[in-house]
Protein chains: 2
Amino acid sequence: MTGHQPDEERIFELLQALNKGISPKFERCAGISPTRLRLLHELFQVEEISQIALQKEIDIDAAAITRHLKGLEESGMVNRRNNPVDNRVTLVSLTQQGRDKVHSYKEEKKRFISSLLTGFDEQDRKSLVDKLARLQHNINLL
Amino acid sequence: MTGHQPDEERIFELLQALNKGISPKFERCAGISPTRLRLLHELFQVEEISQIALQKEIDIDAAAITRHLKGLEESGMVNRRNNPVDNRVTLVSLTQQGRDKVHSYKEEKKRFISSLLTGFDEQDRKSLVDKLARLQHNINLL
DNA sequence: AACAAATGGTTGACGGGTCAATTAAATTGG
DNA sequence: CCAATTTAATTGACCCGTCAACCATTTGTT
């Protein structure tokens, strides 16, 4: 009634290894880090958004948001301005340049994900989504 | 012949989110970071090993190894000495204290992984291992 | 009105990873 | 045998995430 422990360990190791593999490769392929692309993607959809809302959407630390946006502003991808009706919040939006670049980034991302999933048919993907979602759910209970 | 893109994106997002969830929770539960525990676990099995061999086993940067082992040495978990037959290499081993602690760490890890996989039966685990391994394989081709 | 609490953002320090440059020791080859 | 190369380890600089402390502003209470 045992022999299941090895599989469990294996899953844990694979998840760790996968993590370590995906982010750097993605960044090399797409030319941007996954997190930054998620920021840009969100901005792409909403036109203008407060940092705090962005932070909650992306689910990342406030400090990290500040630094990413500072960087993105310096590289001309993003604009920031104070919300006139509440001077605590800063509103963020894509520049035209940022808006343009997001397109190519998204293309790269699509390509990357496709090659990540080469050999996976519809059923494989559904099954994987299901299991990953269950893992996610279990984690949140801890 | 489309509609598969959403699943692919979802898988990518889930993997990212999972990563972000697992490591901190693990550390909180087990009292040690996953990487450090992997180091200790390896040392536990081999009695004594060179840093370079350890590094290849764990698949991590040499700089990171140096710093982890420095830390573990300071906290009394690990011994290091020069290899008398080749003064370039440093040999690493668990102290008795380290050896003792590994036991409890491994228990915690087992518990953690089990709760991570609650609701997964034999078949689910096999299927998940299979798919994660295929992802891993695909990544390595990039 | 004034003081207390909550909110949004920034900064500094830290852990964990990478890469690039450096050092010391060993190995190789002319 | 000595010079060139390779190898193991270390260090510094950087990216990315966290948390904790702090500041400014707004909101709520009395």
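Every chain is numbered from 1 and lettered A, B, ... according to where its sequence line falls, protein lines coming before strand lines.
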Rounded to whole Å, please give me the gap between [atom1] in [X] and [atom2] in [N].
X       : N      : atom1 : atom2 : value
B:Leu91 : D:dA9  : CG    : P     : 8 Å
B:Arg88 : D:dA8  : CZ    : P     : 6 Å
B:Glu27 : C:dC14 : CD    : P     : 16 Å
A:Gln51 : C:dG8  : CD    : C1'   : 8 Å
B:Ile60 : C:dG16 : CD1   : P     : 10 Å
B:Asp59 : C:dG16 : CG    : C1'   : 15 Å
B:Asp86 : C:dT28 : CG    : P     : 12 Å
B:Arg38 : C:dG17 : CZ    : P     : 9 Å

### Message
As a test of understanding, state which of B:Gln96, B:Gln97, B:His103 forms a side chain to side chain donor-acceptor pair (under 3.5 Å) with B:Asp100.
### Response
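That would be B:Gln96; it is the only one of B:Gln96, B:Gln97, B:His103 passing the side chain to side chain donor-acceptor pair (under 3.5 Å) with B:Asp100.
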
Think [X] has a side-chain N or O under 4.0 angstrom from the OP1 or OP2 of [N]?
X       : N      : result
A:Thr35 : D:dG17 : yes
A:Asn87 : D:dT26 : yes
B:Gln55 : D:dA9  : no
A:Thr66 : C:dT10 : yes
B:Arg67 : D:dG12 : no
B:Lys70 : D:dT11 : yes
A:His68 : D:dG17 : yes

### Query
Between A:Gln51 and A:Thr90, does any side-chain donor sit less than 3.5 Å from a side-chain acceptor?
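Present: a donor and an acceptor within the cut-off.
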
### Query
Would B:His41 and B:Tyr105 count as a close aromatic pair, with their ring centres under 6.0 Å?
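Not close enough - the centres of the two rings lie 6.0 Å or further apart.
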
### Query
Under the 3.5 Å rule, do the base of D:dG17 and the side chain of A:Arg36 count as making a donor-acceptor pair?
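No, no donor-acceptor pair under 3.5 Å.
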
### Query
Using 30° and 60° as the class limits, which term best fits the ring planes of B:Phe112 and A:Phe12: parallel, tilted or perpendicular?
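Taking A:Phe12 first and then B:Phe112, their aromatic rings stand perpendicular (interplane angle over 60°).
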
### Query
Which of the following nucleotides, C:dG9, C:dT11, C:dC19, is nearest to the side chain of A:Ala63?
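The nucleotide sitting nearest to the side chain is C:dT11.
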
#### Entry: Whether A:Lys20 side chain and B:Asp59 backbone form a donor-acceptor pair below 3.5 Å
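Yes, the answer is positive, given that a donor and an acceptor are paired below the 3.5 Å cut-off.
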
### Message
Please check: side-chain N/O of B:Thr95 versus main-chain N/O of B:Asn79, any donor-acceptor pairing under 3.5 Å?
### Response
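No, the answer is negative, given that no donor and acceptor are paired below the 3.5 Å cut-off.
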
Which part of the nucleic acid, if any, lies within reach of [X] when heavy atoms closer than 4.0 Å are counted: base, sugar-phosphate only, or nothing?
X       : value
B:Asp61 : base
B:Arg80 : sugar-phosphate
B:Ser33 : sugar-phosphate
A:Ile65 : nothing

### Message
On DNA chain C, compare the nucleotides closest to B:Ala64 and A:Lys56; which residue's is nearer the 5' end?
### Response
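Result: A:Lys56.
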
